[in-house]
Amino acid sequence: MAELAAIAQDTRAWACYDCGKCTATCPLVRAGARYSPRRHVLATNQGKRPANSGEGTLFDCLTCKLCDTRCPVGVEYTELVLKLRELAHRDGVEVECPHGGALQSAMRIMAKGEMAQDRLGWLEADMLTEPDEGELFLWTGCTMYYDAFFPEFEMDSIAGTKAAVRLLNKLGIAPVVSPDERCCGHDLLWNGDVKHFEMLARHNVKLVEASGADTLVVPCAECLRTFKRDYGPFFSGKKPRMLHLTEFLSENLDKLPMTNGASQRVTYQDPCRLGRHLGVYDAPRAVLNAVPGLELAEMRHHGSASTCCAGGTWSNCDRYSKQIQVNRLREARQTMAPVMVTACPKCQVHFKCAMQDPNLKDEITIELRDVAEIIAASLE
Amino acid sequence: MMDAGRHPLIEVITNAEVTGMSGGPGDFRVQVRKHPRYVDEEKCVACGQCVEACHIVQGNEFDYNLKARKAIYRPFPQSVPAAYVIDMDHCKKCWRCVKVCEPEAIDFDMPARDYEFEVGSIIIAAGFQEFDASALGNYGYARFPNVITSLELERMLNASGVTKGHIVRPSDQQTPRSILFIQCVGARGEGGRPYCSRFCCMNAVKDSLLIRQHDPEVEDITILYTDLRAFGKGFDDFVRRSFDEQSAHYLRGRPSKIEEEPGSQNLTVFVEDTLEHQLKRVPADLVVLSLAAAPSDGAQALAAMLEVGTDQYGFIARRDPAVSAVETARDGIYVCGSAAGPQVIPDCVAQASAAAARAQMFLTGSRSADEKQEVEPLDLSGSPRVGVLVCHCGINISGVLDIDDLTASAAQIDGVVVAAEHQFACSSVGQDKLIELVKEHRLNRVVVAACTPRTHEPVFQETLSGIGFNPYLLEMVNIRDQCSWVHATQPQEAQQKARTLIRMGVARAKNLKPLMEGKSPMTRAALVIGGGIAGIQAATDLAWQGFPVVLVEKTGELGGRLRAPNLKYLYPTMQPAEKVLKQKLMRLKDSGARVLLNSEVEDITGYVGNFEATLSGAVDEKIQIGAVILATGADLYDPAGEFGYGRLTGVITSEELEQRLCHKPAAVQVNGAPPRSAAIILCVGSRDEECFSGCSRYCCPTGIKQAILLSEQGSDVTVFYRDIRTVSIGAEEMYRKARGLGVLFVRIPDGRKPEVLGTEKVTGVRCYDALLDRTLEVEADLLVLGVGMRPLEPETSKFHDILKASLGLDGFFLERHPELAPVETSVEGVLIAGTVQGPKDIVDTVAQASAAAAKATVFLAHDQVRLNPTVAVVDAEKCRGCGCCAEICQFQAPKLVDDGSGVFIAEINASLCKGCGTCASWCPSGAISAQHFTDRQVHAMIDAFFETEAAR
Amino acid sequence: MTKAKTTITDQPVTATGTETWQPRILVFACNWCSYAGADTAGVGRMEHEPHFRMIRVMCSGRIQPAFVLKAFEKGADGVLVSGCHFGDCHYIFGNERAVEQFDKTMNMVKLLGIEPGRLRLEWISAAEGIRFAEIINEFTEQVRQLGPSPLSSKRLDDLRIEEEIDG
């Protein structure tokens with residue numbers, strides 16, 4: 001079990017002294033699930049694989065990284081889960097994915113490649129973009145797929161992508177928006193499917209490198225985490241500067257003529273990938289606060305204490321994730337803000353799903369917007 | 001058909017006739033002679049070798065000789081029993097078939113067999129035969145090849161029929177460019193038949209839509225009609241679809257003759273377009289005669305033997321045509337369907353169930369008990385040990401596929417411990433072999449590669465259950481019907497396909513889970529809601545069979561609209577409604593049903609077998625019942641503001657006229673004097689997109705009945721109609737009688753309404769008469785509005801909310817299937833009787849009420865409900881309580897419950913779930929799995945397909 | 001049971017000698033109508049193209065995007081979804097739900113760049129054996145014209161990449 005020992009080493013699991021703070025912190029556990037990060041750490045330290053069936057399996061973890069921030073000895077439980085899932089997948093453990101695994105199939109289809117996707121149908125006449133080369137590459141992510149797959153939620157996550165293009169145009173930039181962009185592989189990686197993840201990673205890195213861009217702007221928190229943390233080995237030359245759209249905008253606030261006062265109250269949902277995974281908390285807030293008249297009302301849990309959307313990797317959808325979403329939306333409603341702003345389209349999907357609840361929807365429904373949409377609306 | 005053929009309590013004797021009958025209700029003795037089919041039904045496996053061998057070619061009667069058959073044949077592909085029959089009139093006894101028949105089923109010396117049955121009741125369902133069109137010389141049938149009958153057309157239109165769904169001219173096998181339908185051939189007075197055949201209008205409309213679909217080369221379809229009789233539920237909407245899609249040109253007129261052009265054999269039809277007032281010569285490549293239904297040849301003899309008599313047309317006579325569709329002159333003998341006169345399918349099916357309900361009254365006490373021997377279940381746990389049995393099916397499979405290769409290939413699949421073959425896996429020897437394999441190899445999964453699971457899965461399941469092997473661990477692979485039979489010319493490809501299918505089957509088998517049939521108790525009592533004629537009938541039928549029944553009526557009196565002062569006489573017999581009601585109430589009283597007047601149902605909870613109803617009013621109690629019959633009736637349209645109703649004196653509704661008839665039986669009076677003239681406007685609030693797009697069905701005969709009554713008391717009567725739809729028994733004759741009395745009939749043009757004259761009191765009606773091409777003005781002291789039916793509110797909404805049974809777009813309760821399940825709703829155990837389902841007249845209401853009672857006994861006859869385990873189940877940990885399942889399920893099986901955790905949770909009631917699996921495919925989190933068709937099982941099959949056959 | 005004397009492989013039977021490419025088509029059918037229609041085609045010995053394999057479910061409403069996408073992922077050249085005609089569904093409206101699922105699937109298929117002609121929805125009744133055979137023939141031809149799915153020939157590439165990763 002040298003493999004597990006190595007993992008224990010890499011993730012500081014060895015440091016664990018079974019205090020159980022992670023379990024007590026875990027949002028799933030707080031929502032009622034029988035789940036224990038501690039036991040997974042302990043099993044790893046003992047050279048045993050955590051059970052792959054029954055209660056509290058590896059695939060239940062939201063990978064929200066909340067426990068990591070609380071661990072007194074700095075165990076990187078989230079990284080441990082990632083590694084253990086790789087092993088489980090290699091051993092043929094089948095994850096029961098939500099939606100029957102349809103989204104994973106779509107990702108693997110993209111990984112196999114060969115087909116020309118028809119993913120840019122949303123581009124509008126006024127948008128200036130470059131298909132192949134340019135200084136700035138706008139990584140659009142998979143919003144068009146979410147909108148297509150969840151018509152029942154009346155999803156409009158593409159609006160955030162469109163807003164991102166318009167904002168960059170406003171700054172005088174015609175970004176590269178590539179028709180050959182494929183899924184970043186984030187979910188497959190977190191499902192343990194390294195093989196298909198790597199196929200995607202190779203393609204995507206090659207695509208960005210070939211564009212000659214020295215800046216990669218990403219509106220999706222998951223894609224950004226993947227580029228910055230997981231694509232490293234695939235870059236051959238100098239890596240471009242990789243940053244979230246809100247980071248890029250915050251650097252250029254002076255060039256954005258935000259004249260339209262929004263004069264509204266909004267609250268902001270920290271995506272786990274952007275916040276705890278990448279440490280970006282201030283940029284989105286700075287950008288929002290720059291909108292004249294906009295009032296940012298924080299939820300009870302925010303910043304590094306923020307609760308996640310509880311569905312990040314399409315593998316852990318259940319009644320506890322729903323409970324987390326419901327609680328989170330209640331928090332959002334308590335701010336009295338009519339709009340909840342996110343910086344990750346996945347948050348939108350999962351909160352929208354929760355808001356379909358026939359019994360609770362009146363208590364938890366709130367308008368969802370991508371941060372880019374809010375900023376774009378404030379220009380003229 | 002297959003259900004009946006397979007039912008353990010139904011013995012099907014084909015090729016047989018009744019030869020004698022004695023005894024009486026409760027103990028009839030019936031003699032039956034079964035003519036030999038010369039093929040042993042038990043032995044025949046329907047492999048078809050004999051047909052291949054036979055060299056005698058004959059016209060197939062089923063296809064009106066449009067298609068050939070052999071001397072040994074099956075009349076049609078789905079015939080039951082699935083055994084061949086020999087036509088000895090043409091068989092030359094060459095023995096070719098005998099030689100090829102592996103199961104040795106053919107016996108040329110098979111004798112006729114005589115049976116005697118002791119039965120409690122008899123149901124006549126002998127059907128009709130089509131009118132012989134050659135009797136009407138001027139239509140040229142049998143003289144001109146391109147004049148065909150509607151039934152011949154039907155065989156052509158059938159996708160598996162003679163021309164594979166395409167229409168061709170018999171003379172040259174070309175697609176006709178123009179087709180003309182002639183309606184009412186041999187009906188409504190023609191060929192000595194005064195009645196309407198009911199089904200022909202809709203049939204022609206349907207055919208026109210189908211032809212458009214199949215054959216775009218057909219340019220024109222013309223339907224020659226007199227009145228378009230779209231009287232059934234949803235029929236008018238169907239006609240509207242035909243109008244919208246312009247599937248046919250509708251021409252009002254009955255043709256005088258048809259001429260054939262020599263050479264081309266094209267036809268010309270001479271007809272007056274009565275709405276355009278000119279004689280037209282309509283050219284047609286093909287003419288279709290919509291034939292009337294005539295009594296079967298054997299009807300007279302059968303009626304005589306059973307001592308029930310025939311009516312004036314030769315159909316089996318009904319005892320009381322105004323009230324009961326199924327009762328004959330004798331108790332214990334019932335009739336249903338077109339044996340008693342032409343019917344549309346929904347009515348046939350309702351009558352069939354009604355006849356069954358009545359028949360059961362003489363069967364109580366002889367119900368068969370639910371007995372099924374419990375066998376000790378085998379231990380099938382552990383990793384999958386799959387056994388594969390490949391069937392030769394004689395040479396049906398082995399003639400095309402290499403069975404050795406299939407077994408060898410199967411034996412190599414991971415998890416397969418044995419692969420064997422057998423000549424006829426379904427034979428008793430084959431079944432023994434299967435049992436032997438299971439025992440010898442300690443199998444815990446079985447794959448049978450043979451024919452279709454749709455017919456044979458139950459056979460193998462039964463065998464496996466017999467030894468305690470969970471029947472849900474069986475997988476059937478269809479390598480006959482869907483492989484060897486259809487790819488015989490490409491054996492290599494077929495072989496590959498069969499191999500893959502077996503691999504897919506094994507993959508699924510490995511993922512199958514043992515399932516246990518559940519049981520839930522059945523409360524053997526029923527609640528009937530509504531004390532009108534439908535409720536009375538349903539309650540009576542059930543109570544007579546000994547089931548406790550509670551009949552709840554909101555008002556203080558039973559009888560609904562039949563009760564005085566609502567209705568005076570019943571058409572067509574003119575029996576006083578009161579008398580009929582009195583008889584019905586006496587039967588109800590004798591039945592022992594508990595009647596609660598001035599009472600209402602507040603709430604119903606639970607599910608089939610276990611409903612609890614909360615009653616209020618006369619009593620304040622909760623009752624337990626197994627089934628609910630909803631018979632709350634319909635409301636009548638309120639014409640307020642239309643046709644001067646409420647503004648002019650002398651304008652009343654048809655119901656108000658009945659009420660006046662009840663109060664002043666001698667004469668209807670207007671302002672103290674009998675009206676000199678009266679007008680009746682039909683279709684008020686019916687066939688009107690704005691209120692109710694359908695036909696209310698009862699108003700035409702009622703209007704005509706009232707016209708006769710008014711006419712007989714000396715009034716000049718004019719009836720304004722759109723189509724006269726006198727489809728019920730005796731109604732067409734009534735229509736003729738009214739015309740004989742001098743009642744004037746004016747056809748209201750499409751899209752227009754008659755104009756009512758008068759300032760304070762009605763003086764007349766003005767309407768453009770398209771048939772006359774003149775605006776007509778008639779005097780009227782009295783104007784009767786024939787008001788249509790509409791859903792009764794708030795009852796309909798209330799019971800929709802309580803029971804969750806679906807409503808149709810028209811607002812009436814929606815039957816589960818218009819043809820197959822006309823009295824069942826989307827909720828198991830909730831049945832509908834009478835006008836709560838849609839407009840209908842008394843005889844149809846009564847039939848439907850009995851049908852609902854019969855369907856209720858399907859549940860009440862057992863003390864337990866057997867629960868199919870192939871239903872959807874919820875993983876409580878995974879359920880997000882999003883409610884998708886509850887929203888999409890038509891059967892109310894999933895329900896969201898609050899378990900206090902903050903997130904609701906779905907529970908699926910196995911008693912209500914039908915196992916379609918739709919909710920499983922909608923469940924976002926994967927909490928619901930469709931047992932026996934799980935995601936994992938399907939994915940395993942997909943993987944197996946593409947792993948077996950790599951890209952080539 | 002005698003084990004096969006010849007070595008059975010999972011390679012396609014190529015005894016035809018003609019190495020022409022044939023499509024691999026997956027058909028989903030509901031138990032009551034379209035599967036029964038296929039049986040009817042069998043009873044009537046209505047020959048049709050043999051390059052499809054069928055998966056039976058109880059209702060077309062059960063057929064979810066995941067099934068279809070999985071088939072494409074695994075290399076299906078075509079996928080046919082079939083059920084009862086409207087108004088004929090054994091479960092009242094299951095087939096209408098199937099349409100919603102199908103539309104969703106089609107959305108995804110188009111975005112992914114799979115030719116829409118590789119996916120089809122058809123209603124076939126139990127009596128329509130001929131229609132079943134015709135649709136199979138027609139769809140097979142349509143897929144044949146489109147050629148092999150790009151995803152079906154990717155197995156080698158996968159291997160190559162795996163080698164790359166391992167190496």
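None of the values given here were measured: they were computed from a predicted structure. Naming: A, B, ... by sequence-line order, numbering from 1 per chain.
Seen from the ring of C:Trp32, B:Lys914 does not count as a face-on cation partner, given the 6.0 Å and 45° thresholds.
Here C:Gly61 is the residue among C:Gly87, C:Ala133, C:Cys89, C:Gly61 with the most heavy-atom pairs under 4.5 Å with chain B. Of the listed residues (C:Ser60, C:Cys30, C:Ala36), the one with the most heavy-atom contacts under 4.5 Å to chain B is C:Ala36. Of the listed residues (C:Ala66, C:Ala71, C:Gly75), the greatest number of heavy-atom pairs within a distance under 4.5 Å of chain B belongs to C:Ala71.
Expressed to the nearest 0.5 Å, how far CG of C:Asp39 lies from CZ of B:Arg454 amounts to 5.0 Å. Rounding to the nearest 0.5 Å gives a distance of 5.5 Å between CD of B:Gln490 and NE2 of C:His51. C:Met54 contributes atom CE, which lies 4.0 Å from atom CD of B:Gln482 (distance to the nearest 0.5 angstrom). Atom-to-atom distance recorded for B:Ile942:CD1 and C:Ile55:CD1 is 5.0 Å, nearest 0.5 angstrom. The distance from atom CD of B:Gln931 to atom CE of C:Met58, rounded to the nearest 0.5 Å, is 13.5 Å. In this structure, CD in C:Glu49 is found 10.5 Å from NZ in B:Lys497, a value given to the nearest 0.5 Å.
Classification of B:Asp481 and C:Arg45 as a salt-bridged pair fails, no side-chain N sitting under 4.0 Å from a carboxylate O.
At a threshold of 4.5 Å between non-hydrogen side-chain atoms, the residues B:Asn478 and C:Tyr35 count as touching. Between B:Trp922 and C:Gln64, the closest side-chain pair of non-hydrogen atoms is not below 4.5 Å. With contacts defined as side-chain heavy-atom distances shorter than 4.5 Å, the pair C:Tyr91/B:Thr918 does not qualify. Inter-residue side-chain proximity for C:Glu73 and B:Phe946 is flagged as unmet; no heavy-atom pair is nearer than 4.5 Å. Side-chain atoms of C:Lys74 and B:Phe945, non-hydrogen and from C-beta on, never get closer than 4.5 Å to each other.
With a 4.5 Å cut-off on non-hydrogen atoms, C:Ala76 touches chain B through its backbone and its side chain both. Residue contact with chain B, scored on non-hydrogen atoms closer than 4.5 Å, is absent for C:Ala98. Within the 4.5 angstrom heavy-atom criterion, only side-chain atoms of C:Phe28, from C-beta onward, approach chain B.
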**Report entry** C:Arg62/B:Asp935 under salt bridge (charged side-chain N to carboxylate O under 4.0 Å, His left out): CA gap, chis, key distance, verdict
**Finding:** CA-CA 10 Å; C:Arg62 175 77 187 92; B:Asp935 283 10; 2.6 Å; yes
Report task. Please test B:Met504 against C:Leu26 for side-chain contact (heavy atoms from CB on, under 4.5 Å), starting from the C-alpha separation and ending with a verdict. Result -> CA-CA 12 Å; B:Met504 291 164 73; C:Leu26 184 61; 4.2 Å; yes
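Although no hydrogens or angles enter the test, the distance criterion places a donor-acceptor pair under 3.5 Å between the side chain of B:His487 and the main chain of C:His48. In this structure, C:Gln101 contributes its side chain and B:Ser921 its backbone to a donor-acceptor pair below 3.5 Å. A distance-only check finds a donor-acceptor pair linking the side chain of C:Glu47 to the backbone of B:Thr489 [under 3.5 Å].
Heavy atoms only, all atoms of each residue included: C:Ile92 and B:Phe891 are closest at CD1-CE2, 3.9 Å. Minimum heavy-atom separation, B:Phe933 to C:Arg56: CE2-O, 3.3 Å.
Taking a 6.0 Å sphere around CD of B:Glu887, one finds it holds 12 or fewer heavy atoms contributed by other residues, nucleotides or ligands.
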